*Asks:* 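Below is the structure I would like to discuss, written out as structure tokens.
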Amino acid sequence: MHFDLADLRIFVHVAEAKSLTAGALRAHLSTAAVSARVKSLEAQLESRLFYRSSQGVELTPAGERLLQHAHLILRQVERVKSEFSGYASDAAGHLRIFANTTAVIEFMPEVLADFLAARPGITVDLQERMTSDIVRGVLDGTADMGILGIMVGVEVPSRLKTLPFSQDRLVLATPLDHPLTARQEITYEDALDYPHVTLHEGSTLFHYLERKALELGKPLPVRIQVFGFESACRMIEAGVGVGILPESCALRYRSHMRLSVRHLSDAWAYRERSILIRDDHILPGFGQELLDIITQYQSARPLPPEPRTPIES
């Protein structure tokens with residue numbers, strides 16, 4: 001059996017694009033050439049890798065297994081390249097990161113701006129994904145690392161390394177004169193009696209809160225959906241609705257907006273921000289550098305400004 005790295009890259013392009021034509025575009029080859037390379041790979045492995053239809057292609061069970069191996073092999077090749085090229089600022093390489101909404105909006109843009117400015121040869125693909133997709137992506141090698149908030153009761157597969165780097169919790173933000181500000185204790189179920197300002201439907205936070213509402217037998221009463229926490233806080237301040245936000249975010253905007261921020265008593269509202277990796281030895285050198293920067297950035301980051309009044313539990 002013999003196949004080269006080019007075959008694996010072509011296979012990955014087709015698998016991720018779910019189309020021979022789109023995969024060929026990514027590989028900068030003709031569709032006929034890509035089709036021939038895939039058929040040759042199937043012949044060598046004596047396994048069918050794709051189901052083909054007029055809508056595109058879909059991985060077979062054998063294809064799913066090969067995709068896992070292909071991702072790991074190609075990541076390891078990147079590591080070898082990095083080890084032999086050193087850590088020079090012009091070293092070439094690529095990282096793919098799956099992250100939740102808070103990471104994508106709140107701190108990763110700042111982290112990556114400094115990281116990439118100092119390393120012009122490095123490229124990063126940062127994708128906002130659901131928690132289950134983040135875990136699965138790191139497990140099968142689709143992503144080099146994952147960043148997420150691990151909630152109470154959430155289990156991470158033993159094959160993954162979990163590197164906690166900060167803590168946060170979800171809180172309820174309301175206008176100052178809202179009826180809920182008089183409550184001694186607030187649950188998510190209490191908050192569901194009022195219109196909500198939420199993030200867009202593609203965000204991990206929206207889907208998480210929607211699922212928690214359904215578990216309580218209630219719909220999530222969305223009044224408006226926005227892109228970004230600042231927009232959400234402005235809507236809440238104006239009295240459009242209430243919102244569930246990360247505490248660090250809510251306190252930061254509360255310092256200059258008229259907002260009430262209250263802890264939710266639900267156990268699942270507590271989150272431990274963590275980085276997931278399959279095996280830190282597979283990360284190229286610059287990937288390990290970024291991992292270290294994320295953990296140092298969070299530990300060195302100043303706390304949000306003190307709010308006008310202490311946050312209540």
Side-chain angles (χ1 to χ4, degrees), residues 5-6 8-13 15-16 26-27 66-150 156-166 168 204 272-301:
L5 292 176
L8 288 181
R9 290 193 177 95
I10 290 170
F11 166 75
V12 170
H13 285 317
E16 292 183 344
R26 293 187 182 186
L66 179 61
L67 184 62
Q68 294 180 20
H69 288 297
H71 279 307
L72 293 175
I73 291 169
L74 294 175
R75 299 298 180 204
Q76 187 63 39
V77 169
E78 286 296 322
R79 172 173 165 76
V80 172
K81 289 180 179 178
S82 175
E83 290 293 332
F84 281 89
S85 62
Y87 303 127
S89 61
D90 61 345
H94 181 76
L95 287 172
R96 178 176 288 175
I97 303 169
F98 288 174
N100 65 359
T101 305
T102 305
V104 170
I105 295 178
E106 281 284 282
F107 60 89
M108 283 305 292
E110 186 175 346
V111 168
L112 290 176
D114 294 338
F115 177 78
L116 294 174
R119 299 163 182 80
I122 304 300
T123 59
V124 173
D125 177 13
L126 176 64
Q127 299 184 20
E128 182 179 343
R129 294 295 187 95
M130 303 293 291
T131 297
S132 58
D133 293 334
I134 294 172
V135 174
R136 184 166 53 249
V138 178
L139 268 176
D140 65 19
T142 305
D144 295 292
M145 68 176 74
I147 304 174
L148 72 168
I150 298 179
V156 176
S158 59
R159 286 186 292 163
L160 295 182
K161 290 187 178 181
T162 305
L163 306 174
F165 62 91
S166 69
D168 200 6
T204 55
E272 190 170 61
R273 288 177 180 163
S274 300
I275 301 172
L276 293 184
I277 55 176
R278 184 183 177 98
D279 184 339
D280 56 3
H281 295 299
I282 293 177
L283 282 177
F286 55 84
Q288 184 63 50
E289 286 184 25
L290 178 59
L291 189 153
D292 293 338
I293 290 171
I294 294 171
T295 56
Q296 293 168 10
Y297 171 84
Q298 285 297 300
S299 62
R301 195 180 189 186

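Just so it is clear, the structure is predicted and the values come from calculations on it, not from any experiment.
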*Asks:* Could you report the tightest heavy-atom contact between H94 and F286, atom names first, then the distance?
*Replies:* N-CZ, 3.5 Å
*Asks:* Could you tell me whether the side chain of L291 reaches within less than 4.5 Å of the side chain of I277, counting heavy atoms only?
*Replies:* yes
*Asks:* Please identify each residue that fulfils side chain to side chain donor-acceptor pair (under 3.5 Å) with T101, with sequence neighbours left out.
*Replies:* E128, T204
*Asks:* Which residues pass the side chain to side chain contact (heavy atoms under 4.5 Å, CB included) test with L72, not counting sequence neighbours?
*Replies:* R278, I282
*Asks:* Output the distance between atom CG (L5) and atom CZ (R9), rounded to the nearest 0.5 Å.
*Replies:* 5.0 Å
*Asks:* Using the side chain to side chain donor-acceptor pair (under 3.5 Å) criterion, which residues pair with N100? Sequence neighbours excluded.
*Replies:* none
*Asks:* Could you grab the distance from atom CD of Q296 to atom CZ of F165, nearest 0.5 Å is fine?
*Replies:* 12.5 Å
*Asks:* Rounded at 0.5 Å granularity, tell me how far CZ in F98 sits from CE in M145.
*Replies:* 12.5 Å
*Asks:* Are D144 and I97 side-chain neighbours, meaning at least one heavy-atom pair lies under 4.5 Å?
*Replies:* no
*Asks:* Restricting to non-hydrogen atoms, name the atom on R75 and the atom on G141 that form the minimum distance, rounded to 0.1 Å.
*Replies:* NE-O, 3.5 Å
*Asks:* Holding to salt bridge (Lys or Arg N to Asp or Glu O under 4.0 Å), I want the full list of residues that pass it with R96, two or more places apart in sequence or in another chain.
*Replies:* E16, D125
*Asks:* Just do the side-chain hydrogen bond (donor to acceptor under 3.5 Å, both in side chains) check on D292 and Q288 with the steps written out, would you?
*Replies:* CA-CA 6 Å; D292 293 338; Q288 184 63 50; 3.3 Å; yes
*Asks:* Mind checking whether T162 and S274 have side chains closer than 4.5 Å, heavy atoms only?
*Replies:* yes
*Asks:* Rounded to the nearest 0.5 Å, how far apart are CE of M108 and CG of L290?
*Replies:* 5.5 Å
*Asks:* Sequence neighbours excluded, which residues qualify as side chain to side chain contact (heavy atoms under 4.5 Å, CB included) partners of A99?
*Replies:* A103, V104, L126, I147
*Asks:* Go through the structure and list residues passing ring pair (Phe, Tyr, Trp, His ring centres under 6.0 Å) with F11, not counting sequence neighbours.
*Replies:* F50
*Asks:* Looking only at non-hydrogen atoms, find the nearest pair between L95 and G287 and report the distance.
*Replies:* CD1-CA, 3.7 Å
*Asks:* For G146 and V138, work out which heavy atoms get closest and say how close.
*Replies:* N-CG2, 3.5 Å
*Asks:* Rounded to the nearest 0.5 Å, what separates atom CG in L112 from atom CZ in R119?
*Replies:* 10.5 Å
*Asks:* Taking side chain to side chain donor-acceptor pair (under 3.5 Å) as the test, write out the residues that go with S132, two or more places apart.
*Replies:* none
*Asks:* My understanding is that only residues two or more places apart in sequence, or in another chain, count here; which of them pass side chain to side chain contact (heavy atoms under 4.5 Å, CB included) with P109?
*Replies:* none
*Asks:* Could you list the residues that satisfy salt bridge (Lys or Arg N to Asp or Glu O under 4.0 Å) with D140, not counting sequence neighbours?
*Replies:* none
*Asks:* Nearest 0.5 Å, please: how far is CG in D133 from CG in L148?
*Replies:* 11.5 Å
*Asks:* Mind checking what makes side chain to side chain donor-acceptor pair (under 3.5 Å) contact with D168, not counting sequence neighbours?
*Replies:* S248, R273
*Asks:* Can you check whether L8 reaches I73 side chain to side chain, under 4.5 Å on heavy atoms?
*Replies:* yes
